[in-house]
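What you see below is based on every heavy atom in this structure, not just the backbone, and it leaves out hydrogens, waters and symmetry mates.
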Amino acid sequence: MMLFGKISQQLCGLKKLPWSCDSRYFWGWLNAVFNKVDHDRIRDVGPDRAASEWLLRCGAMVRYHGQERWQKDYNHLPTGPLHKYKIQAIDATESCIMSIGFDHMEGLQYVEKIRLCKCHYIEDGCLERLSQLENLRKSMLEMEIISCGNITDKGIIALHHFRNLKYLFLSDLPGVKEKEKIVQAFKTSLPSLELKLDLK
């Protein structure tokens with residue numbers, strides 16, 4: 001009850017702000033709570049289960065190795081042996097994942113595909129963080145980044161570290177300005193990559 005009282009006081013202290021600003025602050029705060037990394041949870045249930053919980057809590061979907069069905073309901077996450085369910089694909093369309101949650105990805109070894117579409121909190125730092133994860137550098141085969149307004153050339157160039165990447169689709173990214181430079185960078189670093197661009 002004391003915790004609720006403190007939170008309530010913090011939110012009440014914002015009443016001098018316009019309603020839209022107050023609302024934006026609240027949702028930003030709530031999304032940050034959803035993204036908080038619980039290292040004890042990762043240790044207890046393993047990286048794939050903990051990452052699944054994080055992604056579904058934030059509105060994303062996951063697909064496990066050997067399964068066709070996408071998992072999108074947090075309350076229907078599979079039970080049973082924790083080592084059995086390994087994330088193979090992530091669809092983060094319109095989710096609230098943000099940089100502070102990306103440590104959840106560190107132990108994932110089997111992720112082959114990631115789709116980031118209309119992710120308002122995704123920025124260059126998120127892509128740079130992903131590209132630093134050694135397991136993902138090996139496993140990633142496909143990536144799609146669509147309508148993520150905070151992504152710039154800097155974040156896209158960081159993806160060249162995914163040495164086994166076979167397919168990359170980039171669309172509606174107003175922050176990406178130097179299309180030719182990106183094409184050349186990937187031709188040099190990943191010559192077998194199929195790069196599809198739908199950029200202005």
Side-chain ([X]) to main-chain ([Y]) donor-acceptor, under 3.5 angstrom:
{"X": "His104", "Y": "Gly101", "value": "yes"}
{"X": "Asp124", "Y": "Thr152", "value": "yes"}
{"X": "Asp153", "Y": "Lys177", "value": "yes"}

Applying ring-ring contact (aromatic ring centres under 6.0 Å, His included), run through Trp54 and Phe102 and close with a yes or a no. CA-CA 9 Å; Trp54 162 60; Phe102 272 63; 5.7 Å; yes
Would you check if [X] and [Y] make a side-chain contact, meaning some heavy-atom pair closer than 4.5 Å?
{"X": "Leu159", "Y": "Met143", "answer": "yes"}
{"X": "Gln71", "Y": "Pro78", "answer": "yes"}
{"X": "Ser171", "Y": "Leu199", "answer": "no"}
{"X": "Val176", "Y": "Leu170", "answer": "no"}
{"X": "Val37", "Y": "His39", "answer": "yes"}

Of all heavy-atom pairs between [X] and [Y], which one has the smallest distance, and what is that distance?
{"X": "Leu56", "Y": "Lys72", "result": "CD2-C, 3.8 Å"}
{"X": "Arg163", "Y": "Glu134", "result": "NH2-OE2, 2.6 Å"}
{"X": "Leu108", "Y": "Pro47", "result": "CD2-O, 3.6 Å"}
{"X": "Ser99", "Y": "Glu123", "result": "OG-OE2, 3.8 Å"}
{"X": "Leu116", "Y": "Ile97", "result": "CD2-CD1, 4.0 Å"}
{"X": "Asn164", "Y": "Lys138", "result": "ND2-O, 2.7 Å"}

Are [X] and [Y] ion-paired here, with the side-chain N under 4.0 Å from a carboxylate O?
{"X": "Asp44", "Y": "Arg41", "value": "no"}
{"X": "Glu144", "Y": "Lys118", "value": "no"}
{"X": "Glu106", "Y": "Arg129", "value": "yes"}

Going hydrophobic residue to hydrophobic residue with side-chain gaps under 4.5 angstrom, can you get from [X] over to [Y]?
{"X": "Met105", "Y": "Leu77", "answer": "yes"}
{"X": "Leu197", "Y": "Tyr167", "answer": "no"}
{"X": "Tyr64", "Y": "Ile90", "answer": "yes"}

Between NZ of Lys166 and CD of Glu194, what distance do you get to the nearest 0.5 Å?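 Lys166 NZ to Glu194 CD: 11.5 Å, rounded to 0.5 Å.
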Using distance alone, with no hydrogens and no angle criterion, decide if Tyr121 and Ser95 have a side-chain donor and acceptor under 3.5 Å apart.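 No, no side-chain donor-acceptor pair sits under 3.5 Å.
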Side chain to side chain contact (heavy atoms under 4.5 Å, CB included) evaluation trace for Val62 with Tyr85: CA-CA 11 Å; Val62 298; Tyr85 299 98; over 6 Å; no
Option from Leu133, Asn135, Leu136, Asp48 for which side-chain contact (heavy atoms from CB on, under 4.5 Å) with Val111 holds: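 Looking at Leu133, Asn135, Leu136, Asp48, the match for Val111 under the side-chain contact (heavy atoms from CB on, under 4.5 Å) is Leu136.
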Report the C-alpha separation of Glu94 and Arg115 in whole Å, then their side-chain angles, then the decisive distance to 0.1 Å, and conclude whether the salt bridge (Lys or Arg N to Asp or Glu O under 4.0 Å) test is met. CA-CA 10 Å; Glu94 295 184 339; Arg115 183 172 207 260; over 6 Å; no
Kindly indicate, with the supporting measurements, whether the criterion side chain to side chain contact (heavy atoms under 4.5 Å, CB included) is fulfilled by Phe186 and Ile156. CA-CA 10 Å; Phe186 283 113; Ile156 299 301; 3.8 Å; yes
